[in-house]
Trainee: 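The structure's right below; bear with me while I get my questions together.
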Amino acid sequence: MKIQDTLRSAEQELEIIDKIRIYLCGVTVYDDSHIGHARTIIVFDVLRRYLENKGASVQFIQNFTDVDDKIINKAKTENSTANQISARYIENYFRDFDSLNVKRATAYPKATEHITEIQEFIKKLIASNVAYVSQNGVYFSVAKFPEYGKLSKKNIDELQSGVRIEVDENKQDPLDFALWKFSNEEPTWDSPWGKGRPGWHIECSAMSIKYLGESFEIHGGGRDLIFPHHENEIAQSESFTTKQFAKIWMHVGMVTINGEKMSKSLGNIKTINHVLQNWGANIIRLFCLSGHYSKPIDYTEELLRENLVKWRQIEMCYYELIHSKLGNVEETIDVERWSNDFDSALESDLNTHLALTAFFTLVKETNRLAAEGKLGTDTNKIKAEMERMMDILGLKIPEITLKEKERIDEMIYSREKLRHEKKFQEADRIRDKLNDMNIELIDHKGRTIWVRKERINAESNF
RNA sequence: GGUACUCUGGCAGAACGGUUAUGCGUGGGCCUGCAAAGCCUAUACAAGGGGGUUCGACUCCCUCGGGUACCUCCA
């Protein structure tokens with residue numbers, strides 16, 4: 001499959017081989033995750049699910065940054081410890097992303113649990129003379145890495161003249177970045193250079209190399225990480241190994257809110273917890289996949305609603321397939337065609353929008369046949385393909401128990417009887433009751449089927 | 001200011017040097033006791049502005065303009 005590589009500004013072939021190694025820069029655990037995190041992580045979740053569907057074994061590593069100024073500051077204001085803060089937000093992370101139906105990564109390494117690896121890494125960089133110890137920490141010397149700027153397409157001279165923060169006297173060059181920061185404020189670790197804590201970028205280099213090796217297939221994250229985070233990772237890692245680091249750099253576009261940047265100062269952060277309450281996982285996933293991952297996407301009520309309509313069509317289709325009785329096929333659906341379209345869309349730089357188009361064509365075709373009473377013996381084939389696509393997209397129809405089914409069938413039977421007797425008011429009362437249970441009845445010609453609708457809280461606010 | 005990405009019909013969003021993308025929305029219809037959902041059907045000849053290359057450009061080039069991101073907090 002083809003993936004756009006930020007480093008080369010061109011699509012690169014990703015061979016779907018037995019083992020594919022992916023490192024995704026995760027979150028700094030100082031606050032609840034928001035819809036922007038969700039988009040990046042859902043995009044990678046779909047990539048991973050697709051590769052696995054094609055038979056690859058994916059080693060998927062996603063870190064937690066659990067040592068950072070923001071965590072320490074939050075701990076101070078709450079009179080708590082950095083550990084308590086990060087533990088709390090890691091817990092929330094899993095609450096949110098499990099609810100979003102994101103598959104768990106192979107491992108979630110934490111910076112604080114890899115201090116040894118980080119220090120070994122720094123030792124070697126110092127020994128190779130690309131890093132130096134100064135008054136307040138250990139720094140990487142950007143001048144020693146001639147290719148610095150190759151990922152973000154920045155020119156070192158321009159960066160230097162554009163430095164806008166006060167120059168740190170302890171650095172040899174304003175562009176140098178910290179590998180280790182000296183500090184006496186907890187959390188700290190002893191090191192050969194002095195007590196302190198790791199800088200931000202070093203953990204990802206140390207941990208990705210530990211878990212995935214010196215070179216691996218894909219390294220990714222949000223677009224905003226290109227500079228300085230990923231640029232610095234390349235400088236450190238390639239100085240360390242003298243090998244090409246990631247083969248493909250994949251970056252996901254930002255989420256804006258009604259056209260504006262999401263930021264604390266604007267007060268427009270949409271936490272995952274919040275949007276889940278209103279819209280549920282399936283609609284959020286459809287929303288996040290509705291545009292190409294590399295482009296920005298705007299979070300608006302209108303778009304969410306559009307995806308709600310689509311989700312209802314999917315539910316409808318699913319239950320049509322569940323309820324359809326095996327009979328003669330008068331007309332078939334070209335399942336292979338939509339299946340191939342779906343796959344080739346994803347093969348082409350993970351074009352989820354186009355893949356969704358193929359998926360919805362299958363849904364629409366199925367609904368059409370159902371409406372015409374022509375669903376027949378190939379129902380299982382359609383259902384299997386639909387489930388495959390839904391699995392890759394990470395969409396999930398909630399399970400329904402046998403007991404619930406029996407109860408629904410009984411109620412439908414009673415309603416049918418009342419309808420035959422033309423007691424429509426009483427019949428409608430049963431229908432209303434089912435509606436309260438989120439069961440919608442569909443009266444087709446001569447038969448009634450039911451659809452278990454996911455409750456979407458936002459819907460009642462329209 | 002610099003760099004990168006981007007600009008398609010009311011909205012979302014693709015492909016492609018020359019054919020209707022598609023979806024949502026909207027109008028009409030079918031089904032139904034009614035409704036909802038679904039289905040059918042109709043509807044937008046759209047490409048930020050201006051140049052150029054070409055027999056022909058939404059697609060390539062130039063230029064002007066808008067947007068988003070980044071320029072050591074950021075998914």
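As the structure is a prediction and not an experimental result, all values here were calculated from the model. Convention: sequence-line order gives letters A, B, ...; per-chain numbering from 1.
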Trainee: Between B:C74 atom P and A:E233 atom CD, what is the distance in whole Å?
Mentor: 12 Å
Trainee: Which class fits the ring pair A:W450 and A:H323: parallel under 30°, tilted 30 to 60°, perpendicular over 60°?
Mentor: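 Answer is perpendicular, since the angle exceeds 60°.
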Trainee: In whole angstrom, what separates A:E306's CD from B:C24's P?
Mentor: 8 Å
Trainee: Checking A:K310 against A:F360: charged group under 6.0 Å from the ring centre and within 45 degrees of the axis?
Mentor: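 Cation-pi check for A:K310 and A:F360: passes.
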Trainee: Any ion pair linking A:D432 and A:R429 (charged N to carboxylate O, less than 4.0 Å)?
Mentor: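 No salt bridge links A:R429 with A:D432.
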Trainee: How about A:Y30 and A:Y89: are their ring centroids closer than 6.0 Å?
Mentor: no
Trainee: Salt bridge check: are A:D69 and A:R197 linked by an N-O gap of less than 4.0 Å?
Mentor: yes
Trainee: How is A:G221 classified with respect to the nucleic acid when contacts are heavy atoms under 4.0 Å: base, sugar-phosphate, or nothing?
Mentor: sugar-phosphate
Trainee: Nearest-Å distance, CG (A:D298) to P (B:C24)?
Mentor: 21 Å
Trainee: I'd like the C1' distance from B:G25 over to B:G10, given in whole Å.
Mentor: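 Each nucleotide's C1' atom is 8 Å from the other's.
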Trainee: Rounded to the nearest Å, what distance is computed from the CD1 atom of residue A:I226 to the P atom of nucleotide B:A69?
Mentor: 13 Å
Trainee: Expressed in angstrom and rounded to an integer, what is the separation of A:L225 atom CG from B:C73 atom P?
Mentor: 13 Å
Trainee: For A:T40 and for A:P228, find the nucleotide of RNA chain B with the closest heavy atom, then tell me which residue's nucleotide is more 5'.
Mentor: A:P228
Trainee: So, is the end of the A:K103 side chain (NZ or CZ) under 6.0 Å from the ring centre of A:F60 and within 45° of the ring's axis?
Mentor: no
Trainee: When the P atoms of B:A4 and B:C62 are considered, how many whole Å apart are they?
Mentor: 13 Å
Trainee: Would you mind pulling out the nucleotide paired to B:U3, Watson-Crick or G-U wobble, both distances under 3.5 Å?
Mentor: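 Across all strands, the one nucleotide that pairs with B:U3 is B:A69.
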Trainee: To the nearest angstrom, how far is A:L179 atom CG from B:U72 atom P?
Mentor: 18 Å
Trainee: Under 4.0 Å, counting only non-hydrogen atoms across every strand here, what does A:H292 touch: a base, just sugar-phosphate, or nothing?
Mentor: sugar-phosphate
Trainee: Considering Watson-Crick and G-U wobble pairs with both distances under 3.5 Å, what does B:G33 pair with?
Mentor: none
Trainee: When you measure from the side chain of A:D224, which nucleotide among B:A69, B:G13, B:G23 comes out closest?
Mentor: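 Minimum distance to the A:D224 side chain belongs to B:A69.
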Trainee: Could you check which of B:U72, B:A75, B:U68 has an atom nearest any side-chain atom of A:T256?
Mentor: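 The closest nucleotide is B:U68.
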Trainee: If we take the C1' atom in both B:U43 and B:C61, what is their distance in whole Å?
Mentor: 36 Å
Trainee: Counting side-chain heavy atoms from CB outward, which of B:U68, B:A21, B:A75 is closest to A:L354?
Mentor: B:A21
Trainee: Looking only at side chains, do A:Q62 and A:Y93 share a donor and an acceptor under 3.5 Å apart?
Mentor: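 Distance-only check passes for A:Q62 and A:Y93.
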Trainee: What is the per-nucleotide protein-contact pattern of nucleotides 31-38 of chain B, from the 5' end, where B denotes a base atom under 4.0 Å from a protein heavy atom, S denotes such proximity for sugar-phosphate atoms only, and - denotes neither?
Mentor: -SBBBBBS
Trainee: Mapping A:F360 and A:H353 to their closest nucleotides on RNA chain B, which lands nearer the 5' end?
Mentor: A:H353
Trainee: Taking side-chain hydrogen bond (donor to acceptor under 3.5 Å, both in side chains) as the definition, give me every residue that meets it alongside A:K417, ordered by chain and number, with sequence neighbours left out.
Mentor: none
Trainee: Nearest to the side chain of A:F227, heavy atoms from C-beta on, is which of B:G23, B:C70, B:C74?
Mentor: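 So the side chain of A:F227 is nearest to B:C70.
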Trainee: Out of B:C11, B:C74, B:A75, which has the shortest distance to the side chain of A:E302?
Mentor: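 So the nucleotide nearest the side chain must be B:C11.
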Trainee: Applying a 3.5 Å limit to both distances, which nucleotide forms a Watson-Crick or G-U wobble pair with B:U19?
Mentor: none
Trainee: Between B:U59 and B:C16, how far apart are the P atoms? Round to whole Å, please.
Mentor: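 Each nucleotide's P atom is 14 Å from the other's.
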Trainee: Please state how far atom NZ in A:K270 lies from atom P in B:A75, giving the value in whole angstrom units.
Mentor: 19 Å
Trainee: For nucleotides 3-8 of chain B, read 5' to 3', which letter fits each nucleotide if B means a protein heavy atom sits under 4.0 Å from the base, S means only the sugar-phosphate is that close, and - means neither?
Mentor: S---S-
Trainee: With a sphere of 6.0 Å drawn around CD of A:E421, does it hold more than 12 non-hydrogen atoms of other residues, nucleotides or ligands?
Mentor: yes
Trainee: Cation-pi check for A:F94 against A:R104: NZ or CZ below 6.0 Å from the six-membered ring centre and within 45 degrees of the axis, yes or no?
Mentor: yes
Trainee: A:Y293 OH to B:A14 P: how many Å, rounded?
Mentor: 12 Å
Trainee: What is the base-pairing partner of B:A75, counting Watson-Crick and G-U wobble geometry with both distances under 3.5 Å?
Mentor: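 No nucleotide pairs with B:A75.
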Trainee: So what's B:A47 paired with, Watson-Crick or G-U wobble, going by both distances under 3.5 Å?
Mentor: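 Answer to the pairing question: none, since B:A47 forms no Watson-Crick or G-U pair.
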Trainee: Write down the distance separating the C1' atoms in B:A46 and B:G52, rounded off to the nearest Å.
Mentor: 23 Å
Trainee: For atom P, what is the distance between B:U22 and B:U41, given to the nearest Å?
Mentor: 12 Å
Trainee: Measuring only the P atom in each nucleotide, how far is B:G13 from B:U8? A whole number of Å is fine.
Mentor: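 So the two P atoms sit 9 Å from each other.
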Trainee: Strictly by Watson-Crick or wobble contacts shorter than 3.5 Å, is anything paired with B:U26, and which nucleotide is it?
Mentor: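 Check on B:U26: paired to B:A42, both distances under 3.5 Å.
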Trainee: Check this for me: does any side-chain nitrogen of one of A:E91 and A:R95 sit under 4.0 Å from a carboxylate oxygen of the other?
Mentor: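 The answer is no: the pair does not qualify as a salt bridge.
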Trainee: Please name the pair of heavy atoms, one in A:V46 and one in A:R285, separated by the smallest distance, quoted to 0.1 Å.
Mentor: CG2-NH2, 3.8 Å
Trainee: How far does the C1' atom of B:U19 sit from the matching atom of B:C45, given to the nearest Å?
Mentor: 12 Å
Trainee: Under 3.5 Å for both donor-acceptor distances, Watson-Crick or wobble: does B:G9 have a partner, and if so which one?
Mentor: none
Trainee: Hey, does A:V451 reach any base, or is it just sugar-phosphate, or nothing, if we go heavy atoms under 4.0 Å?
Mentor: nothing
